[in-house]
Asks: 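The structure's right below; bear with me while I get my questions together.
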Amino acid sequence: MSQTGRSSALPDAALFEQAACGLLVAETQGTVLRVNATLCNWLGYEANDLVGKRRAQDLFSMGGQVFYQTHCKPLLQMQGSVAEVQLDILHRNGTRIPVLINIVRQTHGEQTFDEFALFIAMDRQSYERELRVARATAEASLEARREAETKLMEINQQLSLADRRKDEFLATLAHELRNPMAPMRNVLEILKLRTSTAATHDWALQVLERQLKQMTHLVDDLMEVSRITQGRIELRRQPIDLAAVLKTAVEDARPMIEASSHRFEVILPHEPIIIDADVTRVTQVLVNLLTNAAKYTPKGGVISLRAERQRDDAVIWIRDSGIGIPKESLSTIFDMFSQLEPALGRSKDGLGIGLALVRGLVELHGGCIEATSDGLGAGSEFIIRLPITSAPLPECNDGPAITSTRRRILIIDDNGDAAETMTMMLDMLGYETRTAFTGASGLQTAADFKPAVILLDIGLPDMNGYDVVSRIRQEAWGTGICVIAATGWGQASDLERARDAGFDHHLTKPIDIDKLQTMLSQL
Ligand code: ADP
């Protein structure tokens, strides 16, 4: 805008007219000399209505005019320019339009002009607002990325810790499984010498039994934990008085506690507290905690078991005067494979999965467990809460006993060693036995031998145990036989299938001879 408003010497008049901002040239007193189409549009005037007829400041609101007089005019006089002032201009119909104005005072030859450039403030404000929003969004995503990176790092650390724990666990597992193997092999060598006396023989059997029990215990724990983590454990719940479960657990744990010369204090609840629980599992939880209490308490300590009702919960406290747990480990102690440094010397036959199993089982019952300790050397306490139930105790009903005058047992198992050792054991216990290694020969032997009981393996080479039992049930001689399934897994679905196929009972391998004997004695 180097020419006056009426000048036609502009290089490109269209550029002036259609500029994206409002442009206006005025005399220093304000008379409009030239105004572009953009500004005319905003104001609702034709250029003719303004040029030579109005002053630039007349186009401002009242406040704008005051501001122009008090600020813009002195500035134009002093420094020849005004930058980015915000005021309102008025549309012909009176509507206010907020604008940002730049004014430059220019002198061309003899004449001095004020050149105005106006921007709609709202556009700029909304642009600035958008900028602010965009910036906030960018900052937020940067922050989110930072957080994600931190989280990733944490997960990474947790994974490496879990990985290290798993490695340590595998090393411990290998070690723990090898431990019982060495004495078992030695015993076998001794027995092979055939020079052993009856006393050596008895001793050898005791060693074998003890070590086998230890291995079975380890493998059982492992299988249980994997079943819990895969959500495959199923509870056989029934309303039961907590005191009954506590008594069983106390009797199971007492030998171990007394072997370490601990004082064992038991306070049973005064009133019946009925919980809806799987008795075996809750006993397992309590025995596990009592065993730990005995294990992690130096000889001659005090171990106590107490239970009472608190509102809708049965609460059980298991306390010991042992080595204690550092405060920082109280929350991780229930994690898989967690074994604490100070306890490692005492853990002996442990794998660091007992407490994970305990927590899993308590939670399956809808309960919770926590550990407390005042620190190393200050003893530990485990507190279990189980919901009580208002369901009545089931009436005692053992069902009709299966009667049999004959004590004949047929063992059908394709594992030759397993079948023969079981047969030998039952022979020695006074039963009359037969052994078969396939389904077909088992059926034949059953037809000839007419046993009272059949101990039947499920996985056989020629047909499975379910088919064998169905075939037995189709025979007239087979309906009264008690058939016991021997399987590796004891899932409810397995049990159901076994029941449907015609089995009377179910035992998990390796078969616990005490359990089998109890079962047989009830027939
Ligand atoms: P473990 O087979 O090692 O006993 P657990 O899962 O039963 O495995 O226990 C995990 C760890 O918790 C133990 O190695 C031991 O460090 C600690 N712990 C468990 N019970 C006690 C207790 N009563 N007193 C002190 N430490 C205990």
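Ligands are counted one by one from 1 in listed order, and the atoms in each one are counted from 1 as well. As a basis for the values below, the full set of heavy atoms in this structure was taken, side chains included, without hydrogen atoms, waters or symmetry mates.
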Asks: Just to be sure I'm reading this right: ignoring hydrogens, which of I333, L357, I353 gets closest to atom 17 (C) of ligand 1? Compare them by their nearest heavy atoms.
Replies: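 Result: the heavy atom closest to atom 17 (C) of ligand 1 is in I333.
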Asks: Looking only at distances, please establish whether an N/O atom of ligand 1 is found under 3.5 Å from an N/O atom of G354.
Replies: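 Yes, since at least one N or O of G354 sits under 3.5 Å from an N or O of ligand 1.
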Asks: Look at R146 together with E143 and state whether they make a salt bridge at an N to O cut-off of under 4.0 Å.
Replies: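 Between E143 and R146 there is a salt bridge, with a charged N closer than 4.0 Å to a carboxylate O.
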Asks: I'd like to know if R471 pairs up with E475 as an ion pair, taking the criterion as any Lys NZ or Arg NE/NH1/NH2 lying under 4.0 Å from an Asp or Glu carboxylate oxygen.
Replies: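 Salt bridge flag = no for E475 with R471.
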Asks: Charged N to carboxylate O below 4.0 Å: is that the case for R434 and D448?
Replies: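 Looking at D448 together with R434, the answer is no, because their closest N to O distance does not fall below 4.0 Å.
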Asks: Which atoms of ligand 1 are found less than 4.0 Å from any heavy atom of S380?
Replies: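 Close to S380: 22 (C), 24 (N), 25 (C).
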Asks: Which of the numbered atoms in ligand 1 are below 4.0 angstrom from a heavy atom of F382?
Replies: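 Answer, ordered by atom number: 20 (N), 23 (N).
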Asks: Between D320 and ligand 1, which part of the residue brings a heavy atom under 4.0 Å of the ligand: side chain, backbone, both or neither?
Replies: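 It is the side chain that touches ligand 1; the backbone stays farther off.
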Asks: Write out all pairs satisfying side chain to side chain donor-acceptor pair (under 3.5 Å) with one or both partners inside residues 264-290, taking only residues at least two apart or from two chains.
Replies: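 Pairs touching residues 264-290 that pass the test: E224-R281, E224-Q284, R263-E265, R281-Q284.
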Asks: Only heavy atoms count here, so choose which of G322, G324, A294 is nearest to atom 25 (C) of ligand 1.
Replies: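 Comparing heavy atoms across G322, G324, A294, the nearest one to atom 25 (C) of ligand 1 lies in G324.
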Asks: Using a 4.0 Å heavy-atom cut-off, which part of I325 comes near ligand 1: side chain, backbone, both, or neither?
Replies: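 For I325, only side-chain atoms sit under 4.0 Å from ligand 1.
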Asks: The criterion is salt bridge (charged side-chain N to carboxylate O under 4.0 Å, His left out); which residues satisfy it with R135, sequence neighbours excluded?
Replies: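 Partners of R135 by the salt bridge (charged side-chain N to carboxylate O under 4.0 Å, His left out) criterion, ordered by chain and then number, come out as E139.
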Asks: Short N/O distance, under 3.5 Å, between N292 and ligand 1?
Replies: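 It does: an N or O of N292 is found under 3.5 Å from an N or O of ligand 1.
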Asks: Out of V453, I454, L455, which one pairs with P451 under the side-chain contact (heavy atoms from CB on, under 4.5 Å) rule?
Replies: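 The side-chain contact (heavy atoms from CB on, under 4.5 Å) with P451 is passed solely by I454 among V453, I454, L455.
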Asks: Less than 3.5 Å between some nitrogen or oxygen of L355 and one of ligand 1, yes or no?
Replies: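 In this structure, L355 places an N or O atom under 3.5 Å from an N or O of ligand 1.
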Asks: Any side-chain donor paired with an acceptor under 3.5 Å for T297 and S321?
Replies: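 There is no such pair (donor and acceptor under 3.5 Å, judged by atom type) between the side chains of T297 and S321.
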